[in-house]
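The structure under discussion appears below in the form of structure tokens.
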Amino acid sequence: MDHSAIAKKWQAVWAEKKVFVQEPGEKPYYCLEMFPYPSGTMHMGHVRNYSLGDAVARYKRMKGHQVLYPMGFDAFGLPAENAAVQNNFDPADWTEENISTITEQFKLLGMSYDWSRLVVTCRPDYYRWTQWLFIQLYNKGLVYRKKAVVNWDPVDKTVLANEQVIDGRGWRSGAEVEKKEIEQWFIKITAYADELLDAIDGLTGWPERVRTMQKNWIGRSVGAHISFSVNGEEIKVFTTRPDTLFGATYLVIAPEHPLVRSVAQKNSAVADYLSIAAKKSSIERSAADKSGVDTGLRALHPVTKEKIPVWVAEYVLMEYGTGAIMAVPAHDERDFAFAQEHSLPIKQVISSDQDLPFTGEGELMQSGFLDGLSSVRAREAVIELLEKDGVGSHHVQYRLRDWLVSRQRYWGCPIPFVYCDSCGGVPVPESDLPVVLPKDVSFGEGNPLETSNSFIQTTCPKCSKPARRETDTMDTFVDSSWYFFRYTDANNESAPFDKGLVNSWLPVNQYIGGIEHAILHLLYARFFTKATRDLGLHTIDEPFKNLLCQGMVLKDGEKMSKSKGNVVSPLDMIHEFGADAVRTFSLFAGAPEKEYEWSSEGVSGVQRFLHRVSLLCAQREFRSAFSSHDEYILSVTHRTIEQVTEHMDSLRLNLAISDIMVLTNTLSSYGQSAVHQETFSFCVDTLLQLLAPFAPHIAEELWSTRHDSLLASSVWPIADPDKMSLVAEQAFELHASLEEDIQKVIGLSGVTPQQITIFLPSSWKYSFLADLKDAFSQTHNVGEIISSFMQTDLRRYGKEISSLVPRYAKDRSKLPRAILSSEHEAKEVTLFARSLSSRLNVRVVVELEDGSSHPKAKQAMPGKPAIFIE
RNA sequence: GCGGGUGUGCCCGAGCGGUCAAAGGGGACAGGUUUAGGCCCUGUUAGCGUAGGCUUACCCAGGUUCGAAUCCUGGCACCCGCACCA
């Protein structure tokens, strides 16, 4: 049967027996992959992602967990809308079509999802609850509307969140972002800034770099607000170093600062500067030059009461802090550079041996009542004084901004609000949800929802007068911020999810996805979890216990992309090599979190490996009695169980596969009727079980020829420490007793022995010795022993054994040395040597009595030969 | 600039104080089996030697140790995140 037929057969059986449909129980385990955007076809990154999750899910099921392993689609988004514009498709049809295509591909790969829990964010049965949650957050004060300067993507014609602007460009379109002021919806994520930050320390199952990225993104700075007065008006600054207050020799405000406008009317230098700054794009603005002009304003220092100049400069950002800083050039690099550029005074207030600017902490100087204090003490003292005078206070500043969720697009979740002339903005009542996307829209310029009268025109839920519906839709990140809750109760029609079900399944035990979501998605999802917890919807604090960010799949050293023409199609690969080989290779090619190069040679290598496994199962000839070989392969098998289990638990799946390959090779070496059927059968069964998470179809097929039950629901094997006893130790013991046996032979024979010295250096074969021992237990007649060996296929003494046996030291005299006595003629020894040589595929050297040696000597074989096997 | 990470043989990739010339896979070469083989099996694949063996090797330079790919110090290279964040 070919691989695709086998795959189909077992996929059908698994589905029919509902092997993957599980409810929470004693040992719930939630395995989750970041759900995809249904763009049409799968790429290799998907295959890797889902193969990882599927292997984990299958493993955990076999370990006796109830596993929640669902799949869904993050189905709102711009590509559907673009397709609508270009090809006149309905975005919903286009999306649904893609979903069914991709679903087929998932099934082709044999992923063990519980499809009854399918979640699709663009379907009303899902987004109804997105809207419901939005309103709950609104009622809780976590959603608000305000006029804001926004990042406008001129290509996608929509607003972008700060998080979606990368180096001044739109994250999707790559277009340079413009500034616009519009009324927008925000989610107050900053209300949770502290908790989101503090809880990161508890996320020990997350990669360090993701934790660091999140911390940096939230960016908490502890410091103080300090007010300077300027002609009766106030300039408030934020600083992390209130201790350096006496060193503040001037202020700098951002070009957008409200105070600058009035100055510009009177001061042409300032006006010119502002107009130049305004023309610059945000990219140009970020160039690190230290331009700026004096506004002519003078601020009153709140403590020294000195008058200090106020400058305006681009390097101060309106978006961060208060849009104004106090400059302490002696102790800040940027201020220092700026002061030098514009010849502003520099006053040292922290003593140090180092050159200025000195940015460290230390003992205060030239700071009046602070002199002699440490930076830490000085900070407290300064803030205390400022608070007393009402000109300053403690303040914690975040880099994190509130989450702008309005999008002026069609293909997203409608924001469930209505504007009424009398009542203002009114949330749509729960009974009227969902607010469904209309079909009578036209795509083109601007927001398509604006073109649908049936959608816009409505009545006010409060006063029933005619009202206008909100036409903004939500950022798709909102949809994906709670989908992992919905999986627990995907078909619930009366609530987004059941509290009990969420509490029993969550947190997600293993979350798997790309590093590109390290900040946005994960932060939003964490926020939603905390916010919905505080709404009383569940009691989970953090959604994802363990996080794995898988590495990229490269081709020719580069990311696969259509423009580079180096895209490898998963479908082609599955067609050619089979789902099992593709899955297994995608896990074997490298450590899960590292990137690797896709190689079809590698896949075919895995295919060969899987083929060898099936050859093992076809083994029909066995030895009738147990022997030391049985102990040996049992010990290797048990050790493999232990190692694979360890590697599965630590997600080092590439190593787990490697372990399985080693076991396969070992068992293959014993394929020639060397072991008892019972032993072999156990070992092969175990092998199939270990393989099941990676190559489920082939493993299931092979298992079905040996058992009536399903492999997928079999119980993961447990390593027996007693049976794992070190092969190496056994080998030594065996060797010792072998030597005794041999000595006995010599004693018995009483004949001047010819000497056959068998050196057993690095590549000596454990099983060869075992056979030799067995042979000696039957007879002490070397002739018989030799002839019995002649009849055996010696090739099974594979090199896999040598790797498990400790190597002997370099000193050859320490090598084990067997002395065989023999009455036989040189001819027979030669025969033995040749047999070993050709059948064992080892080099055999025969050493002459005088110590000389030459390969050809075995032809002549005079006197007393010795044989080296290595 | 700040923060995180990586560096092993032809390639990928394990190892993380002695059992290491370094697992496993791929590729290449040779042999066996075969009507044939792109199936399968075996061997070789740093250099020199018929071989025992010797020399050189885990980014570079030092150090700790009887002993280092593995531990420490200092470099170098590459990758990623944030970035005039006050």
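All values below were derived from every heavy atom in this structure, side-chain atoms included, with hydrogens, water molecules and symmetry-related copies excluded. From a predicted model like this one, the values you see are computed outputs, not experimental measurements. We name chains A, B, ... by the order of the sequence lines, and we start the count at 1 in each one.
B/G75 sits 14 Å from B/G3 when the P atoms are compared, rounded to a whole Å. Using P as the reference atom, B/C76 and B/A61 are 15 Å apart when rounded to the nearest Å. Between B/G4 and B/G13, the distance separating the two P atoms is 24 Å to the nearest Å. Comparing the same atom, C1', in B/A69 and in B/U6 gives a spacing of 15 Å after rounding to whole Å. Here, B/A14 and B/U8 have their P atoms 11 Å apart, quoted to the whole Å. Comparing B/C39 with B/G49, their C1' atoms are spaced 38 Å from each other, to the whole Å. For B/C16 and B/U50, the P atoms lie 37 Å apart once the distance is rounded to whole Å. For the P atoms, the distance from B/G7 to B/C58 is 14 Å, rounded to whole Å.
If you find the closest nucleotide of RNA chain B to A/Arg612 and to A/Phe588, the one lying nearer the 5' end belongs to A/Phe588. Across the interface with RNA chain B, nearest-nucleotide mapping of A/Met213 and A/Arg209 shows A/Arg209 to be the residue nearer the 5′ end.
As the counterpart of B/U70, no nucleotide is assigned, since no Watson-Crick or G-U wobble pattern has both distances under 3.5 Å. Nucleotide B/U44: paired with B/A28 (Watson-Crick or G-U wobble, both distances less than 3.5 Å). For B/U19, there is no paired nucleotide, since no Watson-Crick or G-U wobble pair has both relevant distances below 3.5 Å. Across every strand in view, B/G9 sits unpaired, with no contact that passes the Watson-Crick or G-U test at under 3.5 angstrom. Judged by Watson-Crick or G-U wobble contacts below 3.5 Å, the nucleotide B/A57 has no partner. The nucleotide B/G37 finds no pairing partner, because no Watson-Crick or G-U wobble arrangement with both distances shorter than 3.5 Å includes it. Across all strands shown, B/C82 forms a Watson-Crick or G-U wobble pair with B/G1, both key distances being under 3.5 Å.
For the side-chain contact (heavy atoms from CB on, under 4.5 Å) test, residues two or more places apart in sequence or in another chain that qualify with A/Ala589 are A/Phe585, A/Tyr596. The side chain to side chain donor-acceptor pair (under 3.5 Å) test applied to A/Arg334 returns A/Asp332, not counting sequence neighbours.
A side-chain donor from one of A/Ser291 and A/Tyr273 sits under 3.5 Å from a side-chain acceptor of the other.
A 6.0 Å sphere centred on CD of A/Glu333 holds no more than 12 heavy atoms belonging to other residues, nucleotides or ligands.
Considering only side-chain N and O atoms, A/Arg334 lies under 4.0 angstrom from the phosphate OP1 or OP2 of B/C85. Distances shorter than 4.0 Å separate none of the side-chain N or O atoms of A/Arg608 from OP1 or OP2 on B/G38.
The side chain of A/His611 lies closest to B/C39 when the candidates are B/G81, B/A86, B/C39. When distances run from any side-chain atom of A/Lys594 to the nucleotides B/G24, B/A14, B/G81, the shortest one goes to B/A14. The side chain of A/Thr240 approaches B/A86 more closely than any other nucleotide in the set B/G4, B/A86, B/C82. In the set B/A83, B/C40, B/A86, the nucleotide with an atom closest to the side chain of A/Ile325 is B/A86.
Using a 4.0 Å heavy-atom cutoff across all strands shown, A/Ala324 reaches no nucleic acid atom at all. Residue-level contact check: A/Arg211 touches neither bases nor backbone, having no heavy atom under 4.0 Å from any strand. Within the nucleic acid shown, A/Gly605 comes within 4.0 Å of sugar-phosphate atoms alone, with no base atom in reach, counting heavy atoms only.
For the segment residues 648-659 of chain A, the set of residues with a heavy atom within less than 4.0 Å of an atom of RNA chain B comprises A/Arg652, A/Asn654, A/Leu655, A/Ser658, in numerical order.
The nearest whole Å value for the distance from the CZ atom in A/Phe609 to the P atom in B/A23 is 19 Å. Remark: P of B/C2 and CD of A/Gln214 are 23 Å apart, rounded to the nearest angstrom. The distance between atom CD1 of A/Ile660 and atom P of B/G13, rounded to the nearest whole Å, is 20 Å. For the pair A/His647 NE2 and B/G24 C1', the computed distance is 12 Å after rounding to whole Å. What separates CG of A/Leu616 from C1' of B/C40 is a distance of 12 Å, to the nearest Å. Across the protein-nucleic acid pair, A/Arg220 atom CZ and B/C2 atom P stand 22 Å apart, rounded to whole Å. The distance between atom CD of A/Gln607 and atom C1' of B/G27, rounded to the nearest whole Å, is 17 Å. Straight-line distance from the CD1 atom of A/Ile515 to the C1' atom of B/G3: 14 Å, rounded to whole Å.
Taking every heavy atom of both residues into account, A/Trp403 and A/Ile189 meet most closely at N-CG2, 3.9 Å.
Rounding to the nearest 0.5 Å places CH2 of A/Trp206 at 11.0 Å from CE of A/Met213.
Taking the charged nitrogens against the carboxylate oxygens, A/Arg399 and A/Glu319 have no contact shorter than 4.0 Å, which rules out a salt bridge. Residues A/Lys215 and A/Asp201 are paired through a salt bridge, judged by an N-O separation under 4.0 Å between the basic side chain and the carboxylate.
Counting heavy atoms from C-beta outward, A/Leu274 and A/Val312 have side chains that approach closer than 4.5 Å.
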Hey, mind stepping through A/Ser221 and A/Gln397 against side chain to side chain donor-acceptor pair (under 3.5 Å) and telling me if it holds?
CA-CA 5 Å; A/Ser221 299; A/Gln397 180 69 43; over 6 Å; no

